[in-house]
S.K.: 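This is the structure I want to talk about, given as C-alpha cells.
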Amino acid sequence: MSDDNYPRKRALDYHEFPKPGKLEIRATKPMANGRDLSLAYSPGVAEACIEIKNDPSVASRYTARGNLVAVVSNGSAVLGLGNIGALASKPVMEGKAVLFKKFANIDCFDIELNENNPEKLAEIVCAMEPSFGAINLEDIKAPDCFIVEQICRERMNIPVFHDDQHGTAIVVGAAATNALRVTGKSFDQIKVVSTGGGAAGIACLNMLLKLGVKRENVWLCDIDGLVYKGRETEMTPQKAAYAQGTTQAALDDVIEGADLFLGLSGPGVLKPEMVAKMAKRPIVFALANPTPEIMPDEVRAVAPDAIIATGRSDFPNQVNNVLCFPFIFRGALDVGATEINDAMQLGCIEGIAALARATTSAEAAAAYKGEQLSFGEDYLIPKPFDPRLMGVVASAVAKAAMESGVATRPVEDLATYKETLDGSVFRSALIMRPVFEAAATAERRIVFAEGEDERVLRAANAMLEETTDAPILIGRPDVIAQRCERAGLSITPGKDFQIVNPERDDRYRDYWTAYHQIMARKGTTPDLAKAILRTNTTAIAAIMVHLEQADSMIAGTFGQYLWHLNYIKQILGTDQLHPVGALSLMILQDGPLFIADTHVHNIPTSEQIAESVCAAARHVRRFGVEPKIALCSYSQFGNHDGDSGKRARGALEILDSRPRDFAYEGEMHVDAALDTDVRQHIFPDARFEGPANTLVFANADAASAVRNTLKVKGGGLEVGPILMGMGNRAHIVTPSITARGLLNMSAVAGTPVAKYG
C-alpha cells in the first residue's frame with residue numbers, strides 16, 4: 001500500500017474498529033434487578049409521565065431532554081464534499097455529536113433526513129421538539145438553510161442554531177475582534193471585502209455589522225464578481241442586502257484599501273497582487289477548506305505584517321466552530337433558553353476573544369506542544385482543547401440569555417455556575433475547593449525547587465492569578481525569563497515573584513553555613529556544604545524553609561522521590577516532625593479515593609502504619625471528606641499469618657489503644673474495603689458502612705501499584721503525593737505531575753503549618 005493510502009486507511013479503521021461508528025448509548029441508571037425494571041419502565045415510569053403531563057417544564061428534571069441536542073442534516077452541503085446526501089453525511093454528524101459530548105458533556109443524536117424541500121425539512125424538525133432541548137442544523141445548502149432555520153425559529157420554543165452560519169460567524173467575530181486590537185483598528189472604521197455569498201459568508205457579514213462595521217464599508221463578491229444593485233445572476237435576498245454600486249466589478253477592482261478580507265469561497269480566489277493593494281497591516285481571513293483562498297506564505301511575501309487566519313489546523317489562527325457550538329449550547333441548555341439570540345452570540349464572542357488574551361492554560365500548552373500560544377498576531381483565538389472555554393463561554397452565554405429574557409431556568413449565582421462548569425472540566429476543582437479556601441486564609445510563601453520547569457512557571461502564574469500565596473522559584477533568572485516569554489506567561493521574574501539564583505545569590509553564605517551547622521557532625525565538610533548549596537535546589541529550598549524565608553517547599557518534578565526526601569529529612573526533620581508517609585488522592589469517576597503510604601516506608605512497621613492512618617485522617621478532612629480508612633493487606637480479618645497481616649493487625653491494636661475520632665477497619669483485601677456487600681459477607685460486624693474512601697497499605701509496593709493502576713488504566717487523576725508528618729513544610733511530587741497538579745499542591749502547601757501534619 002502506498003504512503004498516500006495510509007491516512008485514508010487510518011481514517012477508515014478509526015471509524016470501523018473496535019466497533020463501527022463513533023457513538024453508542026449507555027444507561028444512566030442501574031438496571032440490575034426487578035426493582036430497577038419496575039422503576040425504569042412499568043409501573044414506575046408512569047409517575048414521571050404524569051408529572052410532565054401536568055407541568056411540561058419538568059421534562060428536564062425527569063428525562064434527558066434538558067441535555068439532549070439533535071444534529072440534523074440532509075447532507076446537501078457537507079464541508080469539502082458538497083451534496084453527498086443524508087446517508088453519506090452520517091459520519092460527519094456522528095463526529096459533531098462526539099464533539100458535543102467531548103467538549104461540553106452534551107448528549108447528542110445525529111439525525112440524517114432524506115428531504116430536500118426546505119419547508120418539508122423544517123416541518124420534520126419542528127415535529128421533533130418534544131424529544132430535544134435544542135436543535136443544531138448542519139450542512140444544509142444555501143438558501144435552503146435560511147428557510148429551514150427561519151421556520152424552525154419561529155415555530156419552536158427551544159434553541160435552533162445553524163452552526164455553519166452562526167458558529168462560523170461567532171468564531172470569525174472573536175478572531176476579528178482580537179485582530180483589530182492587534183492592529184489598532186476599529187470595526188466602525190474598517191473596509192471589509194468578502195468572497196462567498198453562502199450561508200457562512202452572509203452570517204459572518206451580519207455578525208460584523210452587529211460588532212460595528214458600517215454597511216456601506218462592506219463589499220461582497222462571489223463567483224460572478226461584485227454583488228451590485230440590479231444584478232440578476234446567482235442572486236438571493238441575503239446577497240442583495242449587501243449590494244454595492246450599480247455596475248459589474250471584479251474582486252481585484254474592490255480590494256484596494258481593504259482592511260479585512262473575509263474568504264469563505266474556494267482555493268486561489270485571492271491573489272498576492274490583490275493583497276498588496278490592501279491597507280497597511282491587512283487582515284486576511286482565508287477560510288476555505290481544505291485549500292484557502294490564498295496560502296499564508298503568499299500573503300507574507302507581499303505583506304509581511306499581515307494578520308492571517310485560515311480554517312486549517314496546520315497554520316496559526318484556525319477558525320474552528322468547535323470553539324463555539326458546544327459551549328453556546330451548554331449555556332443555553334443550562335438556563336432553559338428558548339432561543340439563541342444576538343445577545344448570547346455576542347456574549348460568546350466576548351468570552352472567546354477575552355480567553356485568547358488571557359494567559360494560555362497549561363492543558364492547552366500540553367495539547368499543542370511546541371506552538372506559540374501567547375496573544376498576538378499568531379494567536380487571535382484560543383485552541384479547542386483549552387479547558388477554560390467551557391466555564392468562560394458557557395457562563396457568558398447563560399448570563400446573556402438571562403439578561404435578554406429568554407432563560408426559563410435562570411441560574412441563581414453565575415459565579416457558582418462557572419465554578420461548576422470548571423469543575424466538570426478540571427476534575428480536581430470540586431474536591432480541591434475546601435483546600436483552596438483554607439489556603440486563602442493566609443498568605444504563604446511557597447518555594448519551588450525546580451523553578452526553571454515550565455510546569456512550575458505555569459503553576460506560579462496560576463498562583464498569582466488565583467490565590468494569595470507567593471511563589472518563590474529557584475533557578476537561573478535568564479532561563480526563567482526566557483521560558484516565561486516562550487510560554488506566553490505575563491509574569492515577570494523578580495517583579496511578580498522572587499527568584500533564588502543557585503549560581504549567584506547574596507544569601508549563599510547564609511545557606512551553606514546553615515546547612516553545615518545541621519550536618520557538621522554527620523560527615524559534611526564546609527566545602528561539601530558549599531557544593532551542595534550551589535547545585536542542589538532541593539537542599540536550597542529546604543534551607544529556606546529552615547531559615548523561615550519560605551513557609552513550605554515543593555520539589556520532585558524530576559529525580560527520585562527518596563533522593564529528595566533524604567535532604568528534606570536532613571534539614572527539616574525534628575523530633576516532632578518526621579516523614580510519616582505519602583498520601584495520594586486519586587480522583588475517579590465515582591469520587592475520590594485516598595491511598596497511603598505510596599513512597600516513604602517500603603515495609604512500614606505497625607507503628608508507622610498506625611501513624612500513617614492518623615495522619616491520613618487529618619489530611620482527608622482537609623478535602624471536606626469524612627475519613628473511612630481501611631487497613632489493606634494480603635490477610636483478611638486474621639485469615640492469614642503472613643508478615644503484612646501481622647503488621648496491619650499490630651497497627652489496628654495501636655489504633656484501638658486510645659479513642660479515635662475517625663472510622664477505620666482492617667486488615668482486609670481491597671475489594672472488601674471498597675465493596676460493602678463483599679465486606680458484609682466476610683465480616684458482618686465491620687466498624688463502618690459503605691465503601692472506604694482511604695486505603696492504607698502494609699507495604700509501599702502494593703500502595704504504589706494500586707495508585708499507578710488507577711492512574712493509568714482507571715483514568716484516575718492524582719493530587720499529591722502529600723508528604724505527611726512534616727507539618728506541611730515540604731512536599732515531594734512525582735515527575736509526571738502537571739502544572740495544574742503543581743497548583744493543587746501549592747494549595748495543599750498553602751495551609752498554615754499548625755493545622756496539618
S.K.: Show every side chain to side chain donor-acceptor pair (under 3.5 Å) that has at least one partner inside residues 113-129, sequence neighbours left out.
M.R.: E123-R155

S.K.: Looking at K210 and D342, is there a salt bridge between them, counting it only when a charged N and a carboxylate O are closer than 4.0 Å?
M.R.: yes

S.K.: In sequence, state the C-alpha distance, the side-chain angles, and the governing distance for T177 and F187, and then conclude on side chain to side chain contact (heavy atoms under 4.5 Å, CB included).
M.R.: CA-CA 8 Å; T177 296; F187 280 113; 3.7 Å; yes

S.K.: Show, in sequence, the C-alpha distance, side-chain angles and deciding distance for N67 and R330, and conclude whether the side-chain hydrogen bond (donor to acceptor under 3.5 Å, both in side chains) test is met.
M.R.: CA-CA 8 Å; N67 193 51; R330 179 75 278 157; 2.7 Å; yes

S.K.: So if I apply the side-chain contact (heavy atoms from CB on, under 4.5 Å) rule between I349 and each of V172, V171, L211, which one comes out positive?
M.R.: L211

S.K.: Less than 4.5 Å apart, side chain to side chain, heavy atoms only: is that true for S76 and D139?
M.R.: no

S.K.: Dump the intermediate steps for side-chain hydrogen bond (donor to acceptor under 3.5 Å, both in side chains) on N321 and D163, then the final yes or no.
M.R.: CA-CA 7 Å; N321 290 10; D163 187 45; 3.2 Å; yes

S.K.: Where do G21 and E94 come nearest, in terms of heavy atoms and distance?
M.R.: CA-OE1, 3.5 Å

S.K.: Under 3.5 Å, is there a donor-acceptor pair between the side chain of S73 and the main chain of E138?
M.R.: yes

S.K.: Walk me through it: do I52 and T63 pass the test side chain to side chain contact (heavy atoms under 4.5 Å, CB included)?
M.R.: CA-CA 9 Å; I52 296 170; T63 73; 3.7 Å; yes

S.K.: How many angstroms lie between NE2 in H15 and NZ in K22, if you round to the nearest 0.5 Å?
M.R.: 3.0 Å

S.K.: Side chain of N74, backbone of L113: donor and acceptor closer than 3.5 Å?
M.R.: no

S.K.: Do L389 and L355 pass the side chain to side chain contact (heavy atoms under 4.5 Å, CB included) test, and can you show the C-alpha distance, the side-chain angles, and the key distance before you say yes or no?
M.R.: CA-CA 8 Å; L389 280 163; L355 189 56; 3.7 Å; yes

S.K.: Please list all pairs meeting ring-ring contact (aromatic ring centres under 6.0 Å, His included) that have one or both residues in residues 103-156, counting only residues at least two apart or in different chains.
M.R.: F103-F385

S.K.: Under a 4.0 Å N-O cut-off, is there an ion pair linking R300 with D378?
M.R.: yes

S.K.: Are any of the side-chain nitrogens in E24 or K19 under 4.0 Å away from the carboxylate oxygens of its partner?
M.R.: yes

S.K.: Would you please indicate yes or no on a ring centroid separation below 6.0 angstrom for F100 and F329?
M.R.: yes

S.K.: With the threshold set at 4.0 Å, does a side-chain nitrogen-carboxylate oxygen contact exist between R409 and D334?
M.R.: no

S.K.: Does the side chain to side chain contact (heavy atoms under 4.5 Å, CB included) test come out yes or no for T195 and L264, once each step is laid out?
M.R.: CA-CA 6 Å; T195 59; L264 292 125; over 6 Å; no

S.K.: Does this structure show an ion pair linking K90 with D110, if we count only N-O contacts that are shorter than 4.0 Å?
M.R.: yes

